[in-house]
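These notes are about the structure you will find just below.
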Amino acid sequence: MSKKKEQSFYELARPLLQKYLPPYKWLVVWGIVAGIVAAAASGFGLPVIVQKVCPVVFGEVPAPEWLTAYLADYVAPEDMPTFTLIASALIIPFVMSLRGMATYVNAYFLTRAGVGVVRGLRTDMFARLQWLSFSFHDRHQRGSLMTTIIQYTQGMQLQLVQVLNDIVVQPLTLMAAVAYLIYAAATNHESAVLLGNLLISCLCIPLVRYVGKTIVKKMRQALAGMNQITANVEESLTAQREVRAFNLEARQERVLGENIREFNKLLIRMAAWQSALSPAIEVVSALALAYSLYRGCGDGLTLEAFTAIATAFYFCYDPIKRLGTVANQCQLMSVMIGGFNELLLAKDETPEPEIPVTLPEPVKGEVDFENVTFAYDEENTVLHDLTVHVPAGDIVALVGPSGSGKTTFINLICRFYDPQSGCVKIDGVNVKDISRAERTRSIGLVSQFAALFRDTITENIRVGRPNATDDEVRQAGDLACVTEFAEMKPEGYNLMLAEGGGGLSGGQKQRVSIARAILKNAPILILDEATSALDMKSEAVIQQSLENMAQSRTTFIIAHRFSTIRMAKRILVFNEGRIVADGNHEQLYESCMLYRSLYDEQVKQATSNQERKENK
């Protein structure tokens with residue numbers, strides 16, 4: 001099997017630059033113009049100052065005739081030496097000021113362009129993450145995705161700004177310095193000195209390439225280590241209750257410490273290789289300069305000519321050294337771009353239909369599964385050739401042991417995943433052919449884990465219907481018993497919640513989630529352990545609201561507490577990915593041993609809990 005050719009930095013970066021750079025093209029153009037000025041002032045202007053201006057300032061050679069002729073019209077003959085000296089000396093700050101201003105403009109404009117490119121990239125990656133299928137999220141650690149969006153882009157911003165600055169200024173500076181050397185060689189016939197130095201400088205090329213490849217290898221390992229560290233931190237913060245309940249603090253610290261130590265070792269190795277490149281190039285530069293000194297003395301070069309040539313050589317080798325660093329930075333960015341492309345180019349396994357089919361109005365909520373088979377991976381099939389028809393308006397409970405496929409059944413209705421074979425339909429339309437916006441408008445979901453956002457209670461409920469009025473939000477809150485605890489706070493419904501709904505208990509969060517579904521008023525309602533976080537008293541109060549809400553719509557209920565599904569007219573019993581029984585409570589209790597055992601166990605447990613309470 002042929003090995004896939006690894007793409008160069010240019011091949012990887014070109015699509016991103018073509019997409020994100022055009023809005024900032026004039027910043028780049030003006031940055032390049034400023035870079036040309038800065039490079040010319042450095043690579044050509046400073047050697048000229050050393051060779052032509054300094055000897056005039058120190059009185060070793062007379063001022064140029066054009067300068068004395070110009071000053072003769074304004075300066076008395078006796079003052080001519082002083083003014084000539086001043087005019088010659090002022091050329092130095094003029095050139096340096098021009099160089100400094102051009103360097104600043106170059107850096108400022110290119111930095112703005114680089115920041116803009118990364119901002120667009122980061123925004124698109126986050127947006128892409130919101131639309132990718134649940135299968136993609138199942139395959140990737142959240143810590144790894146956070147590293148890509150936050151740390152990779154931050155590193156890309158820093159690297160890109162530096163590269164954009166150097167990629168313009170350094171080559172132009174090198175060209176300007178080489179132009180001066182060619183000029184000096186042509187006027188002084190010292191081409192042998194120039195040629196010798198340029199040949200020695202070629203030794204830097206294989207050195208830069210070797211170091212760059214080594215750094216990239218270390219960089220890949222380091223980024224994988226950073227992903228692991230982020231995943232460790234995210235896992236520990238998410239499971240703080242479990243960490244403290246099981247006394248796992250020392251274990252988590254040990255695991256993180258080991259990962260950090262390995263990561264630091266890689267960073268030190270990278271730093272060692274990066275730090276070795278600059279001295280190596282400087283040694284080559286020193287050898288070239290020594291060679292030029294040796295040949296120059298033998299060929300009778302003057303001090304001024306040699307100093308000018310040495311200055312030009314400095315402006316040759318410094319760009320070479322900086323461009324070596326740029327090459328390594330480009331290699332590092334190639335690794336980061338690989339992470340970006342994994343996200344940006346990831347296949348959406350639940351894509352939007354090219355031509356969406358509109359659901360019939362009004363949406364009834366009829367649901368059909370036709371020969372549906374689904375597996376999260378190739379080895380474990382979760383649902384086997386499932387066929388079931390749920391008429392509009394039915395209230396259906398899903399019961400069965402854990403892992404029997406109940407939640408997967410619900411996920412397929414919402415099209416969080418697509419089945420490997422068969423199809424799921426709403427009102428006769430395949431869910432694959434319905435746009436995401438219309439599908440989500442048709443389904444109200446209350447999950448076991450209430451997801452609340454950093455906002456007020458009002459806005460968290462209004463998520464169900466963004467254009468709802470405050471009165472409508474309040475009515476939904478009343479039905480879900482949110483008002484009961486909201487009015488205990490001075491801010492009421494305007495109480496600002498912390499991350500994840502911090503400030504509310506688990507049961508209070510669940511009530512807000514139920515109010516959100518009530519406000520949405522969708523024709524299909526899914527209650528996935530919707531009252532699992534509520535106490536018995538709160539559940540009894542909200543149960544009536546849920547029953548009222550379920551009457552006029554197709555409702556699916558998943559619950560381990562059989563008291564929660566008493567309003568269901570129909571019960572589907574799941575076992576090992578199949579529906580093994582279908583009927584009402586009385587029918588299933590008589591005919592299905594699995595249902596009877598689950599129900600009896602539930603009654604036995606409830607009786608035991610009641611007896612313990614009475615004995616207390």
Side-chain angles (χ1 to χ4, degrees), residues 15 19 120 123-140 341-376 382-383 385-394 396 407-447 451 453 462-468 516-528 549-550 552-556:
K19 180 176 182 180
T123 302
D124 280 1
M125 282 199 298
F126 183 75
R128 178 69 173 164
L129 199 60
Q130 308 304 303
W131 286 84
L132 285 171
S133 67
F134 276 51
S135 297
F136 175 87
H137 289 272
D138 292 341
R139 293 192 301 270
H140 293 78
N341 286 338
E342 184 179 3
L343 183 53
L344 292 171
L345 303 179
K347 180 183 177 182
D348 188 353
E349 294 165 70
T350 55
E352 282 282 83
E354 293 184 6
I355 304 176
V357 177
T358 304
L359 288 171
E361 289 291 345
V363 178
K364 298 176 182 178
E366 181 180 272
V367 175
D368 287 285
F369 276 62
E370 298 180 357
N371 306 113
V372 171
T373 296
F374 175 79
Y376 290 103
V382 181
L383 296 179
D385 196 26
L386 213 64
T387 297
V388 64
H389 171 68
V390 179
D394 266 18
V396 180
T407 298
T408 301
F409 182 91
I410 294 303
N411 287 339
L412 294 181
I413 297 175
C414 298
R415 207 196 170 196
F416 293 155
Y417 302 89
D418 279 341
Q420 276 72 32
S421 63
C423 66
V424 181
K425 295 181 178 180
I426 296 176
D427 287 355
V429 180
N430 192 327
V431 293
K432 292 183 179 180
D433 299 327
I434 305 171
S435 70
R436 185 172 302 191
E438 183 168 9
R439 188 174 64 251
T440 53
R441 279 196 303 269
S442 304
I443 300 174
L445 173 65
V446 182
S447 65
F453 304 97
R462 190 174 273 133
V463 166
R465 183 152 51 92
N467 60 351
R516 181 187 293 168
I518 293 174
L519 181 66
K520 189 173 186 179
N521 197 28
I524 298 174
L525 176 64
I526 296 174
L527 305 175
D528 185 1
M549 183 171 58
S552 58
R553 51 186 49 81
T554 308
T555 304
F556 296 90

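Heavy-atom minimum distance, S435 versus P353: N-CG, 4.2 Å. In terms of heavy-atom proximity, I443 sits nearest to I413 at CD1-O, 3.7 Å. Between I426 and L359, the closest heavy-atom pair is O-CD2, 3.4 Å. V372 and C423 get closest at one heavy-atom pair: CG2-O, 3.3 Å. Smallest separation of non-hydrogen atoms from R516 and G464: CG-N, 3.5 Å. Shown here for A392 and K364, the closest heavy-atom pair between the two residues is CB-O, 3.5 Å.
In this structure, the side chain of R465 engages the main chain of L519 through a donor-acceptor pair within 3.5 Å. Proximity of a side-chain donor or acceptor of D427 to a complementary backbone N or O of G365 within less than 3.5 Å is detected. A distance-only check finds no donor-acceptor pair linking the side chain of R441 to the backbone of A522 [under 3.5 Å]. A donor-acceptor contact shorter than 3.5 Å links the side chain of K520 to the backbone of T440. Under the 3.5 Å distance criterion, the side-chain polar atoms of Q420 are matched with a main-chain donor or acceptor of A375. Proximity of a side-chain donor or acceptor of D368 to a complementary backbone N or O of H389 within less than 3.5 Å is not detected. A side-chain donor-acceptor contact under 3.5 Å links T555 to the backbone of R553. Side-chain atoms of T373 come within 3.5 Å of backbone atoms of D385 as a donor-acceptor pair (strictly under, hydrogens ignored). Listed for the E352 side chain is a donor-acceptor partner under 3.5 Å among the backbone atoms of R436.
L386 is not listed as a side-chain neighbour of L412, based on a closest heavy-atom distance of 4.5 Å or more. Side-chain contact between I524 and V363 is absent, with no heavy atoms from C-beta onward closer than 4.5 Å. R415 has its side chain out of reach of I434: every pair of non-hydrogen atoms, C-beta onward, lies at least 4.5 Å apart.
Of the candidates N411, L445, T554, L445 is the only one forming a side chain to side chain contact (heavy atoms under 4.5 Å, CB included) with I526.
Interatomic distance, CG of D394 versus CZ of F556, reported as 8.5 Å (0.5 Å rounding). Annotation: the span from L129 atom CG to D124 atom CG amounts to 12.5 Å, rounded to 0.5 Å.
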Fill in: From CA spacing to verdict: side-chain contact (heavy atoms from CB on, under 4.5 Å), K432, D418
CA-CA 8 Å; K432 292 183 179 180; D418 279 341; 3.6 Å; yes
Practice prompt. Might you work through the side-chain contact (heavy atoms from CB on, under 4.5 Å) test for L343 and L132, ending with a clear yes or no?
Written response: CA-CA 9 Å; L343 183 53; L132 285 171; 3.7 Å; yes
Worksheet entry | Test side-chain contact (heavy atoms from CB on, under 4.5 Å) applied to V396 and V367, step by step | CA-CA 11 Å; V396 180; V367 175; over 6 Å; no
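Counting non-hydrogen atoms of other residues, nucleotides and ligands closer than 6.0 Å to CD of Q130 gives a total above 12.
At a cut-off of 3.5 Å, with distance as the only test, no side-chain donor of T408 or Y417 sits close to an acceptor on the other residue.
Between F369 and F409, the ring planes lie parallel to each other; the angle is under 30°, not in the 30° to 60° tilted range.
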